[in-house]
Amino acid sequence: MFSEELDNPELSAEDDFYAMGGDSLVALRVVSRAQELGLAVTLRDLLYHPSAAALGEFVASTSPAPGRAGAAPEAAPFSLLSPADRALVPPGVEDALPASALQAGILYLCAVTADPALYHDLINLEVRAPFDGHHLRGALAELTQRHPALRSSFDLGAYSVPVQLVWTSVEPSLTVEEAADAAAAVEAERQWCAGQLATGLSWRRAPLLRCHVVTAPEGFRLTLAIHHAVIDGWSYARLVVDLLTLYDRRITADTTPLPAVSVAPYREFLRLEQAVAQDSTIAAFWREQASATPLLDGRRRFDTVPNPTAMREIPIGDDELARLRANARRADTPLKSLFLAIHFAALANWTQRRTGLVSGVVVNGRPEVPGADLVVGLFLNTLPMRLDVPVGSAWEDLARSALDWERAALPNRRFPLANLERELGGPAFDVVFNFTHFHAYDELDGLSAVQVASWSAFDKNSFPIMADFSVDAPESGTGVVITVDPTLVPDARAQELYRCYREALLLAVDGLEPTQ
């Protein structure tokens with residue numbers, strides 16, 4: 001099972017799943033497959049017992065606790081709302097759900113800032129395939145019916161809680177224009193994206209997905225615009241793969257259906273979030289993680305919404321990545337743990353602080369049930385991680401500390417950040433770490449008639465500083481993308497921050513001491 005999910009037939013029973021390239025989403029598939037075989041395995045079990053041999057020994061010696069793992073309960077439509085709220089649902093809606101804490105927060109920030117680009121995600125693809133408008137429109141309609149998130153709108157005022165309305169059917173949004181050559185197609189795409197970001201997407205009306213095509217002699221350029229309130233990064237990958245697969249099968253007359261998608265995992269995610277939202281023990285865990293002096297002086301209240309418009313990319317070459325992977329394996333940690341160590345070492349050198357460093361970390365809250373990896377939705381949360389970087393630290397020790405945090409955080413990861421910040425009276429952190437490695441894109445290699453020649457993407461968050469570590473991202477490759485709000489991080493300090501990240505990366509590649 002491990003070797004299949006990691007596409008590594010030479011993997012042994014003793015090899016560490018995470019050290020050999022596993023991450024949270026591949027782990028979710030492993031856990032789901034184990035559950036389908038009747039094994040009560042959780043993500044936390046895999047994190048503590050990361051080899052096939054160790055996990056098998058653990059499962060054999062452990063009696064499954066009631067409710068420990070298994071299929072998500074098939075909650076009925078509307079069942080997560082109160083009877084009074086259900087009575088307010090308009091005709092034409094097939095389900096209504098309480099908005100998650102992150103959805104409500106995103107929509108609130110969009111309303112407060114009136115910034116049409118905020119949490120408005122774009123991805124541009126150069127597609128090498130014949131363009132058929134009829135088949136693309138059909139594929140888009142099938143995609144929209146397949147994923148309820150794409151048929152959603154939000155109402156923040158008519159109900160006792162913010163509500164996501166899932167409409168029974170919506171008309172997909174597709175516009176097509178022609179270009180004489182490749183250069184004209186690129187310019188037409190640029191103009192459409194600029195207009196899109198200037199006007200925004202209204203979360204009050206479905207669909208929250210727009211599709212734009214510019215045809216050219218060699219193929220066509222495809223742009224997807226979607227509101228971040230209904231999608232996370234893995235879901236975006238799932239969306240692109242599903243759409244292009246559906247289109248490929250239509251133009252090749254392949255009638256093979258896509259795997260069925262259940263709505264149960266998303267309802268289960270909301271139920272789990274509601275269950276932990278009032279847990280005082282979990283709240284205390286996160287208060288302790290956030291209890292430190294802010295990295296940015298004077299930023300402890302919600303004075304303004306950050307506007308991160310400055311960006312720097314730091315590429316990681318193939319040889320550098322191979323050496324980082326080897327160093328992570330020597331530490332018996334995932335690559336993500338080493339990236340977290342690099343992140344904190346860079347912050348320590350930038351602030352000249354060695355203790356009480358706090359960063360937000362983006363975590364995946366998808367439930368551990370079969371089929372959860374196929375669902376399009378927003379399953380993310382961002383929570384504080386506190387780490388010390390004492391002088392003389394070794395990368396192995398920092399990476400293991402990061403792994404220890406993830407193990408402790410995993411059962412508490414769905415506690416709403418908004419609840420924590422309400423208790424704190426201000427932001428829980430000033431900088432955020434994110435790690436992505438979206439294996440779903442690999443499925444595009446198996447298409448018959450469709451090939452993606454190039455990618456680009458746009459997204460805008462609301463954090464003062466964000467460090468996105470990615471591996472094999474289709475639009476940017478492997479590296480770190482750092483965004484900052486120039487009003488909170490002046491240019492001279494931003495340049496110093498970029499330098500600290502680059503130097504920390506190089507030190508980690510060479511295995512040298514992380515502190516300067």
In the structure I gave you, are the side-chain heavy atoms of [X] and [Y] within less than 4.5 Å of one another anywhere?
X      : Y      : result
Ile465 : Trp350 : yes
Leu383 : Phe285 : no
Val391 : Arg354 : yes
Phe78  : Val93  : yes
Ser359 : His343 : yes
Asp459 : Tyr236 : no
Ile482 : Tyr501 : yes
Trp234 : Arg366 : yes

Nearest heavy-atom pair of [X] and [Y]: which atoms, and what distance?
X      : Y      : value
Leu208 : Ser202 : CD2-O, 3.2 Å
Pro384 : Gln289 : O-CB, 3.5 Å
Val432 : Phe429 : CG2-CE1, 3.6 Å
Asn349 : Pro514 : ND2-O, 3.2 Å
Leu201 : His227 : CD1-N, 3.4 Å
Pro464 : Leu296 : CB-CD1, 3.8 Å

Self-check item: Gln495, CD atom: more than 12 neighbouring heavy atoms under 6.0 Å
Solution: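 Count over threshold, so yes.
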Exercise. Kindly check if the number of other-residue, nucleotide or ligand heavy atoms within 6.0 Å of CZ (Arg86) is above 12?
Key: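 It does: Arg86 CZ has more than 12 such atoms within range.
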Self-check item: Plane angle bin for Phe469 and Phe433 - parallel if under 30°, tilted between 30 and 60°, otherwise perpendicular
Solution: tilted
Exercise. With ring pair (Phe, Tyr, Trp, His ring centres under 6.0 Å) as the test, would you mind laying out the steps for Tyr266 and Phe269 before giving the verdict?
Key: CA-CA 5 Å; Tyr266 190 69; Phe269 165 72; 5.8 Å; yes
Quiz item: Does a side-chain N-to-carboxylate-O contact under 4.0 Å join Arg414 and Glu268?
Solution: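 Salt bridge flag = no for Glu268 with Arg414.
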Exercise. Please assess Arg323 against Asp510 for the test salt bridge (Lys or Arg N to Asp or Glu O under 4.0 Å), listing each intermediate value before the final yes or no.
Key: CA-CA 8 Å; Arg323 294 166 71 181; Asp510 293 333; 2.7 Å; yes
Self-check item: Contacts of type ring pair (Phe, Tyr, Trp, His ring centres under 6.0 Å), residue His228, not counting sequence neighbours
Solution: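 Counting only residues at least two positions away or on another chain, His228 forms a ring pair (Phe, Tyr, Trp, His ring centres under 6.0 Å) with Tyr119.
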Quiz item: Cut-off 3.5 Å, side chains only: do Asp404 and Ser401 have a donor facing an acceptor?
Solution: no
Quiz item: Step by step, would you call Arg493 with Glu496 a salt bridge (Lys or Arg N to Asp or Glu O under 4.0 Å)?
Solution: CA-CA 5 Å; Arg493 287 291 288 153; Glu496 182 68 11; 5.7 Å; no
